[in-house]
Protein chains: 2
Amino acid sequence: MDNPAILEQPYITITNIIWSFDRETNQLQVLLVKRASNPYADYWALPETFMRAQESADEAALRLVKEKIGLTLSNYHTEQLATFTHNDRAPGERALSLAYMTFLPEMPPLKAGYGALDAHWFTFSATEAGQFSLTYRQLHFLTATSHSQHSYYKHFEIARGRDYLAFDHDWILKVACQRIKNKLNYQPNILLVLGHDFTLKEARTVYAAFFGIPVKAIDNSNFKKTHQHLFKEVGTTTRRQIGRPAKLYKLAQIEE
Amino acid sequence: MDNPAILEQPYITITNIIWSFDRETNQLQVLLVKRASNPYADYWALPETFMRAQESADEAALRLVKEKIGLTLSNYHTEQLATFTHNDRAPGERALSLAYMTFLPEMPPLKAGYGALDAHWFTFSATEAGQFSLTYRQLHFLTATSHSQHSYYKHFEIARGRDYLAFDHDWILKVACQRIKNKLNYQPNILLVLGHDFTLKEARTVYAAFFGIPVKAIDNSNFKKTHQHLFKEVGTTTRRQIGRPAKLYKLAQIEE
DNA sequence: CTTATTAAAGTACTAATTACTTATATTAGA
DNA sequence: TCTAATATAAGTAATTAGTACTTTAATAAG
């Protein structure tokens, strides 16, 4: 094998797209951190870390999750997305990025962690054309002016196409979207953001988010017929709410 | 970002699964090299190289192709497969492997290249269960014994499950098979081994190889109906052969 | 007990897939 | 040149899967 002196050994970065689901708003969430240092200081970015000597990339990706949300979670699923290697993807340095995705079964509070000024869940929404946006709502309570006793939402919007995200992270997210959409009909691991089991409506909500259409646009009965082979009935929801209780399903995991 | 001293910077290896198609035997081919040095000296392996400072991984993968087959080819397609990072995948050292696949439109003669004692095209065949084997036929002409003026085939067979391939290359190949099979119904780039255009029968031959079934088991008429949206008619074959001439198709490339 | 609500279950229609048959374009040989 | 053999295109009927829509069932609230 050719073994040239490797003059500039690149940084090996693990980038993890951490997905979750907000059960109050029924919206998909992506974890972003505000970078503390250069390059791209103050930019929102996907969580990243350097790989350590004794760990595999998968372990490093999980370490990122633990760092941001603590060790309380036991139930998560991580899979590899792709590796990004273009030599101009980081300014002034050579950095490979091994990108992963983690699907969290809940939406825990966040810690900024090392190298980050801030960390937040951003609401993910896609358009029918395959574009997406990430929005972070910060609630502000005003004091005694015209908006007194009201609240308003301050929106930070990160749209693909503008370079609001650090590095090539908008591109990485686009690849992630495409991968998830492609797998929706044979291995919809994204549904793990719903936890161990889920109702068909919850599943349709996630699907609709990626197609950029309202949940209503996916018929429940037909969705069941076409996706039943992917799901396994595990009971009925015990949530006390108006209307007939929904059945619960889990993923009938397909081996890769 | 946390930046611990990276004590043991791992080797960054590019591994390329180079596919082609033998038009004489109508069989899929995979390029393997016999390793010259440790680890795994004398073992058959997928072609590998170290990434260089100024190139991206994609470029390194293409460099491997050029090294094995020369610069004569202009028409090839390379895509990323996955990255393999387990810390025990190479004995006594830490080596990441960024795995790629290249689909060559012909089956050119090979050069061993740096670090290799030998290089050969191995015939790929899969079973219905998803297993596969790689076989290399070396033609021997005997001299004046009982087999005089006859030839026989000496088979070197590399079966998955036995560790005949270096490193985790049998596993990498298994991942490759699965990926190709998954994409067969929406982005069958593997058909690029057939060149710019191909007949439906040739396409069915490639599909059949991955399903481990005979070509006859795939009905031409039905195959056309179900895959027509992936292909674009580009004319009729000019090859002089018995029977009605087949139409030629090319891939109607779907953007990823 | 009734109504509103939610989701499951069913139904009729349409599109896609499958198994099979027929038609067509070519070469080889009488 | 005519016929047989061959290879592939093209067509057909039956089945299966997918879609739009309707009905039934289970629950909470009043």
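Below, chain A is the first sequence line, B the second, and so on; all start at residue 1.
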Within the structure shown, what part of the strands sits under 4.0 Å from Thr226(A) by heavy-atom distance: base, sugar-phosphate, or nothing?
sugar-phosphate

Measuring from the side chain of Ser221(A) (C-beta onward, heavy atoms only), which nucleotide among dA9(D), dA9(C), dA28(D) has the closest atom?
dA9(C)

Measure from the side-chain heavy atoms of Arg244(A) and tell me the nearest of dA25(D), dT8(D), dA5(D).
dA25(D)

Residues Arg179(A) and Glu79(A) bridged, charged N to O under 4.0 Å:
no

Please determine whether a side-chain nitrogen or oxygen atom of [X] lies at a distance below 4.0 Å from atom OP1 or OP2 of [N].
X         : N       : result
Asn220(B) : dA9(D)  : yes
Lys224(A) : dA7(C)  : no
Lys225(A) : dT19(D) : no
Lys201(A) : dA7(C)  : yes

Anything under 30° is parallel, anything over 60° is perpendicular, the rest tilted; go ahead and classify Phe103(A) against His77(A).
parallel

Does the plane of the ring in Phe122(A) sit parallel, tilted or perpendicular to the ring in Tyr136(A)? Use 30° and 60° as the thresholds.
tilted

Between Gln241(A) and Asn222(A), whichever has its closest DNA chain C nucleotide further toward 5' is Gln241(A)

Decide if atom NZ of Lys201(A) counts as having more than 12 heavy atoms of other residues, nucleotides or ligands within a radius under 6.0 Å.
no

Comparing nearest nucleotides in DNA chain D, the 5'-proximal residue of the pair Gly243(A), Ala246(B) is Ala246(B)

